[in-house]
Amino acid sequence: MSLVRRLGAAFAAMLLTLTVLLSAASAAFAVEAIKISRDDNALDLTGAVEISLNQGEDFQVSTAPTQDGIVRRIQVESKEPGKSSNWAVFALANTTDQQIDRLIVVPHFRLVDSGLIWPDLGSSRIAAITPSEGFALDRQQSPDADVFRVTLDPGAVVTFVAEMTAQKLPQVYLWNPDTYKDTVNAYTLFRGIVIGIAGLMALFLTILFVVKGTSMFPATSALAWAVLAYVCVDFGFLSKVIAITPGNEQIWRAGTEVALAATLVVFLFAYLNLNRWHGHFSYGAVAWVLGLGAIAALAIYNPAIASGLARMSFAVTAVLGAVLIVFLGIRGYDRAIMLVPSWVMLLLWITAFWMAITGRLDNDIIQPALGGGLILVVLLIGFTVMQHAFAGGALNQGLFSDMERRALALAASGDTVWDWDVMRDKVTTRPDVALQLGLEPGSLGGPARTWLPILHADDRDTFRTLLDVILEHRRGRISHEFRLRGADGHYHWFSLRARPLVGTDGEVLRCVGTLVDVTDQKKSEERLLHDAVHDNLTGLSNRELFMNRLEAIISIAKTDEKIRPTVFLIDIDRFKKVNEGLGISAGDTILLTVARRLHRLLKPKDSLSRFTGDQFALMLLSEEDPTRIASVAEAIKRAIQAPISFAKREIVLTASIGLITWNNNHGSAEDMVKDAELAMYQAKRFGGDRIEPFRPAFRAVGTDRLQIESDMRRAIERREFTLAYQPIVRLEDRTIAGFEALLRWDHPRRGMIPPSDFVPVAESCGLIVQLGLFAMQKAAEDLSEWQSQLGDMPLSMSVNLSSRQLLRRDLVSDVRSVVARANLKPRCFRLELTESLVMDNPEQSAHVLNKLKQLGIGLSLDDFGTGYSSLSYLTRFPFDTIKIDKSFVDDNAPKRSVLLKSMINMAHEMGMSVVAEGVSDESDALQLRQMGCEFVQSFLTGPPMKPEAAFKLLKEQNAAAAAQA
């Protein structure tokens with residue numbers, strides 16, 4: 001028995017020890033109670049709340065020790081069975097002897113410590129609160145927080161277990177009900193004022209956008225509306241306007257933050273007008289806004305990520321905007337300078353915002369303060385935009401005087417103001433013209449006579465006389481151009497426009513006007529004048545200048561027997577073959593060499609000119625003795641015959657030279673040149689490489705040519721010229737794609753004269769221009785008539801162009817007039833030019849052809865492959881069709897097909913269609929079609945025919961097409 005009693009006593013002692021240990025453990029893990037008194041209006045319980053996550057549906061916790069030190073355990077069940085809930089525990093102790101009523105307030109959203117990367121955008125925090133004693137807590141209605149009313153008895157220590165609906169409690173406050181009500185009312189008033197200001201600002205900027213229409217206002221008003229939406233959501237005002245279902249507050253909050261970031265990008269781009277600085281800014285802004293649009297869509301699925309990205313975008317935009325504003329401000333851009341204060345405020349706001357969301361600023365007033373600060377930033381931006389948009393309003397409305405208008409116009413023109421104070425004899429220029437001339441500053445700011453030493457010697461007397469006349473007559477205007485010598489010795493042209501100002505006594509007080517540097521204009525005029533009378537290649541005088549000089553010399557020779565001019569007409573034999581064999585570059589080089597050799601033979605009185613491509617004219621005044629003249633002719637012949645080295649080969653040329661010395665029978669320069677031409681043509685008839693002095697018998701040889709010229713002039717008046725039309729046929733279906741208009745002359749006595757006989761004569765005497773205009777007008781009218789009778793058929797009409805027509809300034813206007821008169825679509829009208837014609841003056845040709853192409857007409861390159869064109873030149877011409885010469889089609893060489901295929905492929909690669917000429921049989925036509933050639937023109941598909949026959953052919957084709965349809 002004693003053993004049993006001993007074991008029982010030991011077991012009892014063990015149980016007592018275990019009970020003591022459990023009590024000590026419970027006391028160690030009990031919640032510490034927060035003591036409250038009646039004077040405590042607001043207590044922050046956030047730090048005293050213990051949070052337990054994922055504790056299951058039943059949660060057990062030890063209560064805070066009561067006044068007598070007893071610790072109890074309570075168990076709370078989750079409202080949703082089977083759910084692992086999160087729990088928050090805190091305890092309150094009423095140390096007074098009176099009952100205390102308080103409100104436990106847990107806000108749904110708190111900007112402070114919300115985070116940047118994955119921000120907490122708010123939600124309902126507490127599902128229910130269970131006290132350790134007493135009745136359950138009553139939930140108070142509030143849209144912005146979870147509010148529970150609690151009553152604490154005197155001396156009571158109550159532990160509260162809250163079932164959380166989220167994993168985080170941003171803040172837990174214990175409020176005095178009256179104090180909480182006053183605080184809510186105060187914040188409501190503040191928020192209402194802020195929202196009202198934001199709404200008025202957004203509405204005002206929108207109205208200004210409608211009235212003003214400046215691109216800055218829509219961007220600024222969009223930013224203002226985005227800020228208004230943000231503060232409405234942040235202050236909980238939006239939920240009072242529209243019904244927001246629980247859980248959607250995060251979407252609205254993230255959406256407004258994305259809108260704020262996007263509108264800031266748009267505002268910065270529009271206000272700074274970044275697209276004027278570089279096109280990449282436009283691409284970057286569009287990509288940025290599109291990216292934010294994608295983030296806005298993401299906000300529907302994951303608002304936290306979307307909000308974090310929007311906050312980072314807003315910060316990056318502000319920083320990059322600061323860099324741009326500093327950069328553009330240094331360059332003097334006024335918009336950037338005006339935006340500096342607003343952007344400094346924005347950067348300060350972003351700094352405060354960052355400190356708030358990271359928890360560095362932690363108080364209740366920071367969130368509404370940031371909302372008000374954002375409104376202040378937008379107000380400042382709005383005022384900046386209005387100040388810039390309405391700056392210079394008087395200028396926009398024209399509210400300035402005529403004097404101010406003239407001053408503005410003068411400042412805008414950039415002209416120098418020239419002011420001569422006559423009474424003090426002092427000339428003033430603003431800006432100082434001495435600096436422009438490289439002289440010492442102010443060196444021309446003294447008396448008017450100080451200008452005389454630097455004036456050109458030919459301008460001094462005129463300048464002095466002009467000023468004296470103004471002073472003497474006391475009226476008039478100065479409009480004078482003169483030259484001033486710069487520090488480098490070069491002269492600058494200036495244009496002075498001034499007028500005198502007369503005082504009450506009738507004397508000139510001063511002359512005021514403008515001084516403009518017109519050096520570049522004068523150089524351009526001199527260059528144009530030189531180019532008008534000189535050859536572009538050799539720099540020699542052209543035919544017009546030579547004839548003018550010769551006419552002047554003949555006028556002197558009629559009164560002075562000592563002057564007897566001799567004219568040499570020099571034509572290079574077979575120069576076309578040289579060009580065809582070596583190309584245009586070699587031909588130009590050879591012509592330059594010949595021109596230099598001939599120029600070395602001249603003496604000061606003599607003159608050399610380039611008449612045409614390979615034809616020169618020389619006027620000899622230094623020699624009158626026939627023997628000496630013959631020696632000069634031989635020297636010219638030897639100079640041309642001397643070998644010319646080019647591309648490691650020697651080229652030997654010969655020339656046909658005709659010459660004539662003036663006598664009293666020559667009435668004009670034209671007569672002398674015609675006689676020299678007759679002598680030169682006679683030398684060519686004898687085989688070239690010879691000198692032929694003019695003999696009267698040569699005129700009989702040239703009678704036929706003169707007769708043709710005379711008959712041709714009457715033929716134009718009598719309308720003896722007609723057009724024949726040769727079809728251009730599609731190889732694909734053998735239908736007519738168009739016609740080439742060919743000029744024909746039906747002479748009443750001689751019958752049909754071939755073009756090879758009358759076209760060269762027409763070109764030499766200038767009648768080719770009239771013939772070409774007739775051919776264009778007649779061909780356009782016939783095509784227009786055919787289309788009106790047969791419907792709008794896809795036809796084209798091609799007309800050949802001569803060298804004289806191509807070089808005329810009126811060619812473009814003539815073509816435009818022809819197409820308009822015929823009521824023809826420009827694409828139906830085409831002009832054909834040969835390679836040699838285009839390459840004779842490639843720069844001028846390219847200029848004229850580009851203008852013709854702008855009219856919408858077609859351009860064809862005729863006789864392709866027979867000239868001396870360079871492909872590098874051809875790529876600069878706007879041709880859309882090439883016509884392969886018949887010599888390539890008729891050639892029976894083994895490599896003919898390779899050459900034709902290369903030409904066709906090259907044309908297609910350059911975007912041009914191909915017409916083959918001279919196809920003699922069907923096999924050639926089939927082969928060309930297989931190579932890709934689109935069109936053919938030859939006697940096989942149709943000879944040149946009269947207009948009636950061409951129209952009949954078109955009617956038959958049209959009828960056949962209708963029958964097949």
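The first residue in the sequence is number 1, and the count goes up from there. Below, all heavy atoms of this structure are taken into account, side chains as well, without hydrogens, waters or symmetry copies.
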Identify, with sequence neighbours excluded, every residue that meets side-chain hydrogen bond (donor to acceptor under 3.5 Å, both in side chains) alongside S37. D40
Is it the case that the side chain of N363 and the backbone of I366 share a donor-acceptor pair, with hydrogens and angles ignored and the cut-off at 3.5 Å? yes
Tell me if a side-chain donor or acceptor on Q75 pairs with a main-chain N or O of F59 at a distance below 3.5 Å. no
Test your reading of the model: is there a side-chain donor-acceptor pair from S114 to the backbone of P119, 3.5 Å cut-off? no
Please report the shortest heavy-atom distance between V150 and L137, naming the atom on each side. CB-CD2, 4.0 Å
Taking it one step at a time, do W288 and S313 satisfy side-chain hydrogen bond (donor to acceptor under 3.5 Å, both in side chains)? CA-CA 9 Å; W288 202 320; S313 172; 2.9 Å; yes
Mind running side-chain hydrogen bond (donor to acceptor under 3.5 Å, both in side chains) on T96 and R38 for me, showing each step along the way? CA-CA 8 Å; T96 68; R38 296 190 62 84; 5.7 Å; no
Parallel, tilted or perpendicular: rings of F160 and F90 (30°, 60°): parallel
Heavy atoms, side chains only, cut-off 4.5 Å: are L268 and L264 in contact? no
Hey, are T63 and T159 close enough side-chain-wise for a donor-acceptor pair under 3.5 Å? no
Test side-chain contact (heavy atoms from CB on, under 4.5 Å) on M338 and Y271 and set out the steps. CA-CA 11 Å; M338 294 174 66; Y271 180 79; 3.8 Å; yes
Would you say I51 and W87 make side-chain contact, with heavy atoms under 4.5 Å? no
Could I get the full list of ring-ring contact (aromatic ring centres under 6.0 Å, His included) partners for F148, not counting sequence neighbours? none
Please check if atom CD in E77 has more than 12 non-hydrogen atoms from other residues, nucleotides or ligands closer than 6.0 Å. no
Just do the side-chain hydrogen bond (donor to acceptor under 3.5 Å, both in side chains) check on N86 and Q167 with the steps written out, would you? CA-CA 7 Å; N86 304 319; Q167 293 187 350; 5.1 Å; no
Tell me which one of V157, V71, I70 satisfies side chain to side chain contact (heavy atoms under 4.5 Å, CB included) with P65. V71
Side chains of S124 and H108 in contact at under 4.5 Å (non-hydrogen atoms): yes
Kindly say whether A306 contributes a backbone atom to a donor-acceptor pair with the side chain of R311 at under 3.5 angstrom? no
With sequence neighbours excluded, what pairs up with D362 under the side chain to side chain contact (heavy atoms under 4.5 Å, CB included) test? R110, V112
Partners of F269 by ring-ring contact (aromatic ring centres under 6.0 Å, His included), sequence neighbours excluded? none
Mark yes or no for whether S78, through its side chain, and S85, through its backbone, hold a donor-acceptor pair below 3.5 Å. no
Could you check whether D120 pairs with R253 (Lys NZ or Arg NE/NH1/NH2 to Asp/Glu carboxylate O, under 4.0 Å)? no
With rounding to the nearest 0.5 angstrom, report the CD1 to CG distance, I197 to L228. 11.5 Å
Show the nearest heavy-atom pair for residues V106 and R125, with the distance to one decimal. CG1-CB, 3.5 Å
Could you list the residues that satisfy side-chain hydrogen bond (donor to acceptor under 3.5 Å, both in side chains) with D101, not counting sequence neighbours? T151
Atom of M201, atom of L379 and distance for their closest heavy-atom approach: SD-CD2, 3.4 Å
Heavy-atom closest contact (I129 atom, A162 atom, distance): CG1-CB, 3.8 Å
Does the side chain of L361 come within less than 4.5 Å of W354's, by heavy atoms? no
Quick one: does any side-chain atom of S221 pair with a main-chain N or O of P218 as donor and acceptor, under 3.5 Å? yes
Any donor-acceptor pair under 3.5 Å linking the side chain of D146 with the backbone of I126? yes
Backbone of R102 reached by a side-chain donor or acceptor of W175 within 3.5 Å: no
Using a 4.5 Å cut-off on heavy atoms from C-beta on, say whether the side chain of P107 contacts that of D144. no
Checking R72 now: which residues fulfil side-chain hydrogen bond (donor to acceptor under 3.5 Å, both in side chains) with it, not counting sequence neighbours? none
T95 side chain near I36 side chain, heavy-atom distance below 4.5 Å: no
Using modelled atom types only, decide if a donor and an acceptor are shared between the side chain of N94 and the backbone of L152 within a distance under 3.5 Å. yes
Which distance, rounded to the nearest 0.5 Å, do you find between the CG of N176 and the OH of Y180? 12.5 Å
Smallest heavy-atom separation, L370 atom then W349 atom, equals O-NE1, 2.7 Å
Can you check whether T256 reaches L260 side chain to side chain, under 4.5 Å on heavy atoms? no
Decide yes or no for E257 and Y230: does some side-chain heavy atom of the first lie under 4.5 Å from some side-chain heavy atom of the second? yes
Say whether, by atom type as modelled, one donor and one acceptor occur between the side chain of Q250 and the main chain of G122 under 3.5 angstrom. yes
